[in-house]
Amino acid sequence: MEIKIYKDKQEVAAQFSAYFAELVKDKSAFHVALSGGSTPKIVFDVLASNYGDKMDWSKIHFYWGDERCVPPTDEQSNYKMTVEHLFSKIDAPEGNIHRVLGEAEPVREAMRYANLLEINLDRVKGVPQFDLVILGMGDDGHTASIFPHEIELWDATDYCVVATHPDSGQKRVSINGKVINTAKEVTFLVTGASKAEKVKVILEKTEGFETYPASLVNPASGKLVWFMDKDAAVTLD
Ligand SMILES: O=C(O)[C@H](O)[C@@H](O)[C@H](O)[C@H](O)COP(=O)(O)O
């Protein structure tokens with residue numbers, strides 16, 4: 001595991017964008033699972049600004065690690081956020097954008113999306129393998145849309161994509177821990193002081209750390225990188 005700490009959100013975005021461009025550079029095809037939330041907004045803006053005309057977007061296939069169960073026009077939609085902050089600024093082929101159908105019935109959509117991943121991606125021991133999974137971490141230690149109160153869904157066996165139920169009541173669809181830990185590489189994008197307490201518990205493995213889904217991210221490849229700003233990392237020794 002590698003921990004990269006930068007001055008602020010803007011520098012995290014710039015450094016991650018450079019890192020992503022380097023990862024993609026020599027690949028003929030690259031399958032990436034995107035994260036939602038607020039941190040990716042600035043990351044996608046900087047990625048588009050710094051690499052919009054420097055990257056061959058036609059070889060990158062975009063998926064989501066999780067999506068809110070809302071229409072793609074809803075302000076809560078991770079797809080809508082990504083269109084606004086990335087796809088509206090780059091020439092990614094429509095056919096390379098594989099959105100979760102937030103408007104669909106969650107359990108059926110989880111099954112459909114699991115099937116899509118199994119068709120589109122190489123599989124390792126039957127589990128679809130992304131080249132990169134980008135994750136955030138909630139203040140409660142959730143990641144993707146696997147939440148502490150439903151941590152059993154991390155290893156859900158039926159499908160590699162599950163329907164989940166955050167306390168907010170807004171249903172979600174999320175890849176599970178098997179897909180995350182089968183990825184060739186996983187990067188966390190974690191910024192802001194509100195993350196600091198869970199970052200410390202999880203990275204220093206203090207009491208109860210294993211109750212937080214973000215602590216279960218441990219790719220078999222060993223390639224796990226935390227991109228953080230100083231505020232999120234302030235409590236680390
Ligand atoms: O759909 C979502 O909300 C995300 O996938 C979620 O897991 C997010 O990554 C964390 O909540 C961190 O979000 P921030 O980037 O806003 O801190």
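Every number for a ligand or one of its atoms is a count from 1 in the order of the listing. Remember, predicted model here, so these are calculated numbers, not experimental data.
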Completion exercise
Residue shell for ligand 1, any heavy atom closer than 4.0 Å, reads S35, G36, G37, S38, T39, P40, D66, R68, N78, G136, M137, G138, H142, A144, R172, K195
Does the distance from a Lys or Arg side-chain N to an Asp or Glu carboxylate O, for [X] and [Y], drop under 4.0 Å?
{"X": "E105", "Y": "R108", "result": "no"}
{"X": "D237", "Y": "K200", "result": "yes"}
{"X": "E67", "Y": "R172", "result": "no"}

Problem - Residues D45 and H85: side-chain donor-acceptor under 3.5 angstrom - result: yes
Handout entry: Exercise: do W64 and S174 side chains pair donor with acceptor under 3.5 Å
Key = no
Completion exercise
Sequence neighbours excluded, the answer for ring pair (Phe, Tyr, Trp, His ring centres under 6.0 Å) partners of Y51 is none
